[in-house]
Q: 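Let me give you the structure first, and then I'll get to my questions.
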Amino acid sequence: MRVSLEINDRETEVEEGSTILEAAKSIGINIPTLCYHPLLSPFGACRLCSVEIERRGRKRIVTSCNYPVEEGLVVNTKSSDVIKIRKMIIELLLARCPNVKIMQDLAHEYGVGTPRFRLEDESCILCGLCTRICEERVGVSAINFIDRGVNRMIEGPLEEILDANLSDVCIGCGACAYICPTGTIKLEDIYRKIRSSFPLDIVEERTFGRVRTDDEIFGIYKNCYAVRSKREDILRIAQDGGAVTSLLAYALEDGMIDSAVITTANNWEPTTKVAKSYDDLKEGAGTKYTFYPGVVGISEAVDKGYESIGFVGLPCQMGGLRKILTSDQPYSGKRGIKLLVGLFCMNTFKQELMDFIEGKVTRLEEVRKLDIKGGKLKVYEKNDNVDQFPLSEIEDYVNKGCFACKDYTAELADISIGSIGSEPGWSTVFTRTDRGVALLEGAIDKGYVEAEEVKDLKELERLTKIKRKRAEREEEKWKSQG
Amino acid sequence: MNSVDRFSEGKSSSPKVNRQRIDSLSELEEFRKEILSKRDPNKPCITLCSGTACHAYASEKVALAIEEELKKEDLEIDFRRTGCHGFCERGPIVVIYPEEICYLQVKPEDIPEIISETIKEKKVIDRLLYTDASGEKVIYESEIPFYKNQMRLIFGPNRMIDPKSIEDYIAIGGYRALAKALEMTPEQVLEDVKRANLRGRGGGGFPAGRKWETTRNAPGDPKYVIVNCDEGDPGAYMDRSLMEGNPHSVFEGLVIGAYAIGSNEGFIYVRQEYPLAVENVNIAIKQAEEYGFLGKNILGSGFDFKIKVHRGAGAFVSGESSALMTAIEGRVGEPRPKYVHTSESGIWDKPSDLNNVETWANVPLIIDRGAEWYSSIGTEGSKGTKIFSLVGKVNNTGLVEVPMGTTLKDIIYKIGGGIPGEKRFKAVQTGGPSGGCIPEEYLDSPIDFDELTKLGSMMGSGGMIVMDEDTCMVDVARYFVDFLCDESCGKCVPCREGLKRMREVLNDIVAGKGKEGDIEFLEEIGEVMSEASLCALGTTAANPVLTTIRYFRDEYEAHIREKRCPALVCKELTSYYIDPSRCSACLRCLKNCPVEAIDGEKRKIHVIDQSKCTKCGTCFDVCPPKFSAVKKISGEPIPPPLPEEDRVIERFPEGKSDSASPNRQTERGDQK
């Protein structure tokens, strides 16, 4: 049912059950928020989105993020009362976090000068985005508020002592760091801690029934092939051999999985999608190099009732998921996840990389494909132009947290896939578990892919060793820093 | 029978009638007659108040002494340990029936005398009676002024029943209202409660009937009903005393409400800090189930209802309805937005009706005696009675139940006996930390929900803290803000950060660092907190500050402008000083000073070294009243000490010395 209301003297009609904030957005009216995120249920804690409503002649202040629209509602998003409230909230938070950029920006926008309170030097504004994404979307609740009143704080990844382990249930997905609006939670910290405390031996034992030997440089695997899709339409959009998309297509058709959580992109900003069909899967083709906590997509599949879910992700995501899947810890995706497809990864980049490309090359809409190979970033434009940059030029955009990672080939996945090791147009595939073997063999049988033996693993070995060395050096560095 | 053995088992002291499961109103009435027929109204019965307050006064030992004495004397006498009588100032309270002789502050050693004199000889022991201000003794409980001026509809039965005995409750008419209600339709019950205009006793005063109706009409199944016994206001304990002393009356109201709403499952949220309440509630639930007042097919009506007890883990904010429901769900007790009311979407998003203990306890009265009768008590907008927890600087502290509309003056003076020590009344704080301070000029206000709100305060759950002239209102505001800084959940910015900053400003003011504009600044912060906070705790958290500014602005100004605390409370603005004209060098203060800040010796006028003084006030307290040489001063310079040579006192004969003794030097001392 549609509901009509009036916002700042403009009539609009939205779906019943929408919030005032959503209604305002739909007609381009911006309301500032701090604790709101479209991925999460509204929290109503920052109160910055307060607006004035009028109902049956009575005015009152409500938070627009969680106030459901009503027929005939009259909303004013910038009455003098509203502005007064917002200014005070900004002043209060700026006094708490004078060095946090979003607070400085808001203060500037609303003309709030130096706070009249004593300045503190906190960075966390207690918006609760981290705790909610961890609970609602990641599904592990590894981070939460502790204490109450003026002593309220976040526990978990904010722990300052470096060698303190994260909460046992943390899977190091980085969602909290991704969503943190103040930069209080840093991906780097999360990754360092998850890596330095990762119980690799235990997880390997539980996954493969044994621990790797010293000479198993790519981790435990059963077979290694060069794989190429046999579907023309996939090959056209594929990064290399189109192996990931084709294997998933087979898994869906065969019933091995009923859905696949893949990473797609919206104008090169990564997001996840629950793919249920061949066409859905094609949206995920092509490598996105910037970081996104893809595991948040799993909860969507679970919520939609899928019971055998395939997940495509990076080595760090494979590690976190495998850890929680083989443990006794509660996790919402536990029963549903049936297949882990890992991608080779040296490191991820910050989203700012895309700003760099936009500045140096062209509008992101015009970019068709990104590829990193041979020490270069290649930018393929839709008009077939190709630009390239040495990696040294984009060093600043590297997620430094990735330096903590020793895993290049997604060693804890069921099946790992990447481009290094095979000829152009082919993908390198490690089958690691029985499920991984079954997937590849089935896909070959059904004509989704073709496979050849991999001839030369030297380059792959070199990169794997570089990544591991880099992590060891980092570890030394932290240890020496205490 | 001998009543002693019951304490170990929690069984009834009175003759037990072996009868279980009651299936109708007529069966209940029959059963009541049966109980009463076995009870001889003329047989002596000793009752002892055993609520938590009296427990703290060692009523347990008094009980043991009574049991022992009865055993020794082999007396056929009933002994009943009741819930709180309310006059906690003078507990433990022993009342001897049938005469109703009331003894206060009874100690174990008084028991043999009570048994031998009063029980056996029917003689009254004068020294244990209530003595009024004029020295007159009062024998009967109901004639003590503290009780005489109350209307104890809800709280009255406490003194008559043993909370661990369901038969005691049935004997006084208990569960009759439930039996009646179950013979009505749910709509009729709802209509009665609406007509009675019962308003919620937990804080906001929302009409209970309307709330019930919302839950009844809300889609969703199951529906829940909840008793809020998370009383957390400093100094308030009426819900505890009801829950401890008469749990069945709360259940009865709850089951009636559940029937009207169409709910088959209820929760009692009770603080873990109320162990006796938890104990008595659990015993009472078991008994009520056995007799068929809870469980399946209640009183043969076909209506099912069960109660679960949820023990709260000590958070003031959990008393807020949505926070309480979140806590019942097993999560941290934090409020959530209520744009959709909890009565429609509460526990696990199901329609949930929450009322506080006292509200539920009112329900049986309405059904039993009718909405007309009920609404004849009270004021236009607020019906029935209200229990207040009268504490602070008042002679008779305790629990007070009066009709809505009683004036503050009647409560504080007629019932409370006025202010101790001939001090002047200054303000009364109502409504707990979210309430406000009401000054003397409004003492004649008839109190009900609306009147208190008009005065900038609120009914809250009924806390009433009396303050005398020695109370600094800025300090009071700071106390409540400090309390809320710890007890706010900290979720929303205006409440968490606002309280923190209010405390910062108030701390400055009481420390003499206040500046012009601070008052307006506090008002500005408070206004935003009131408008923009997430829950009722936040929107009312500024009340203690805003009302003290409203009524005692001059005190704030004295602190800020003159660096003076008019009540001489704020340490940093107050100094202790020994008036040389009154000091007789008795050494008392000097010996008691914990930091050796006082200089002097025999026959040498004492002087406080201000640099060492920690302002603990010991010297002030120990200085003999006949000298009253130690003075508290604020906002004025401390007179310089006397020259060394003038400090020697020409000694008058010892013992005679009075204020006149150290004479000559003093004049000079006074001249500064």
Side-chain angles (χ1 to χ4, degrees), chain A residues 17 19-20 34-35 41-53 59-70 81-97 115-118 120 122 125-128 131 135 141 144-153, chain B residues 313-318 322-323 331-340 344-345 481-505 507-508 513 515 517-518 520-522 524-535 537-539 541:
Chain A
T19 62
I20 294 177
L34 282 170
C35 71
S41 58
F43 197 45
C46 75
R47 319 303 287 172
L48 193 66
C49 70
S50 289
V51 295
E52 190 174 281
I53 59 164
K59 287 187 177 174
R60 89 190 240 238
I61 300 287
V62 300
T63 41
S64 58
C65 68
N66 55 11
Y67 194 94
V69 292
E70 292 158 347
D81 270 358
V82 167
I83 299 301
K84 180 189 76 187
I85 287 167
R86 285 196 198 141
K87 284 177 112 165
M88 178 58 81
I89 287 169
I90 292 166
E91 185 176 358
L92 286 165
L93 285 177
L94 186 64
R96 177 190 172 91
C97 307
R116 290 165 287 176
F117 310 105
R118 282 186 199 120
E120 297 174 10
E122 297 285 339
I125 56 171
L126 299 172
C127 63
T131 71
E135 181 185 343
S141 293
N144 217 324
F145 288 109
I146 54 167
D147 219 325
R148 65 170 174 242
V150 300
N151 300 316
R152 186 175 173 96
M153 60 191 275
Chain B
F316 176 71
V317 68
S318 289
S322 68
R331 305 158 65 91
V332 178
E334 274 171 13
R336 51 192 189 212
K338 288 201 287 193
Y339 296 136
V340 178
E344 292 172 63
S345 176
V481 167
D482 202 43
F483 175 86
L484 291 169
C485 276
D486 288 337
E487 293 297 336
S488 153
C489 75
K491 179 172 171 175
C492 80
V493 174
C495 180
R496 181 188 68 237
E497 301 294 323
L499 280 167
K500 182 166 78 184
R501 298 312 181 163
M502 274 194 155
R503 180 166 72 177
E504 191 175 291
V505 177
N507 277 339
D508 277 354
K513 293 181 217 148
K515 50 188 186 303
D518 275 357
E520 293 72 20
F521 193 25
L522 284 170
E524 192 187 332
I525 304 169
E527 232 173 86
V528 170
M529 287 168 66
S530 309
E531 281 182 347
S533 293
L534 170 67
C535 80
L537 188 149
T539 54

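Residue numbering restarts at 1 for every chain, and letters A, B, ... go by the order of the sequence lines. These figures come from a predicted structure and were not determined experimentally.
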Q: May I ask you to decide if E504(B)'s main-chain N or O and N507(B)'s side chain share a donor-acceptor pair within less than 3.5 Å?
A: no
Q: Quick check: closest heavy atoms across A45(A) and C35(A), and the distance to 0.1 Å?
A: N-SG, 3.4 Å
Q: Which atom pair, heavy atoms only, marks the closest approach of C495(B) to G538(B)?
A: SG-CA, 3.8 Å
Q: At a 4.5 Å cut-off on heavy atoms, which part of V62(A) comes close to chain B: side chain, backbone, both, or neither?
A: both
Q: For chain B, find which of N151(A), I89(A), L126(A) contributes the most heavy-atom pairs closer than 4.5 angstrom.
A: L126(A)
Q: Need one label for R336(B): side chain, backbone, both or neither, based on atoms under 4.5 Å from any heavy atom in chain A.
A: neither
Q: Tell me which of these, R496(B), E334(B), K500(B), R501(B), has more heavy-atom pairs under 4.5 Å with chain A than the rest.
A: R501(B)
Q: For the interface with chain B, which of P68(A), G128(A), A95(A) has the highest count of heavy-atom pairs at distances below 4.5 Å?
A: A95(A)
Q: Going by side-chain hydrogen bond (donor to acceptor under 3.5 Å, both in side chains), name the residues that satisfy it together with D81(A), two or more places apart in sequence or in a different chain.
A: none
Q: Highest number of heavy-atom pairs under 4.5 Å with chain A: which of C489(B), P337(B), G498(B)?
A: C489(B)
Q: As an exercise: rank L93(A), V82(A), L48(A), I61(A) by heavy-atom pairs under 4.5 Å with chain B and give me the winner.
A: L93(A)
Q: Heavy-atom distances under 4.5 Å only: say whether D482(B) touches chain A with side chain, backbone, both or neither.
A: neither
Q: Where is the tightest heavy-atom contact between S50(A) and A532(B), given as atom of each residue plus distance?
A: OG-CB, 4.5 Å
Q: Contact part of E524(B) toward chain A, heavy-atom cut-off under 4.5 Å: side chain, backbone, both or neither?
A: both
Q: Counting only heavy atoms closer than 4.5 Å, note whether L34(A) contacts chain B via side chain, backbone, both or neither.
A: neither
Q: Between F43(A) and F145(A), how do the two ring planes meet: parallel, tilted or perpendicular, split at 30° and 60°?
A: parallel
Q: Just verifying a value: how many Å separate Y339(B) OH and T19(A) OG1, rounded to the nearest 0.5 Å?
A: 11.5 Å
Q: Which one wins on heavy-atom pair count under 4.5 Å against chain A: P494(B), S488(B), A315(B)?
A: S488(B)
Q: Applying the salt bridge (charged side-chain N to carboxylate O under 4.0 Å, His left out) criterion to E531(B), which one of K59(A), K84(A), R60(A), R47(A) satisfies it?
A: K84(A)
Q: Sort R116(A) into side chain, backbone, both or neither according to what part of it lies under 4.5 angstrom from a heavy atom of chain B.
A: both
Q: Just by distance, do the side chain of T539(B) and the backbone of S533(B) share a donor-acceptor pair under 3.5 Å?
A: no
Q: Can you tell which part of R152(A) gets under 4.5 Å to a heavy atom of chain B, answering side chain, backbone, both or neither?
A: side chain
Q: Considering only heavy atoms, which portion of L92(A) lies under 4.5 Å from any heavy atom of chain B: side chain, backbone, both, or neither?
A: both
Q: Report yes if some heavy atom in the side chain of C46(A) is under 4.5 Å from a heavy atom in the side chain of I125(A); otherwise report no.
A: no
Q: Could you tell me which portion of R96(A) (side chain, backbone, both or neither) has an atom closer than 4.5 angstrom to a non-hydrogen atom of chain B?
A: both
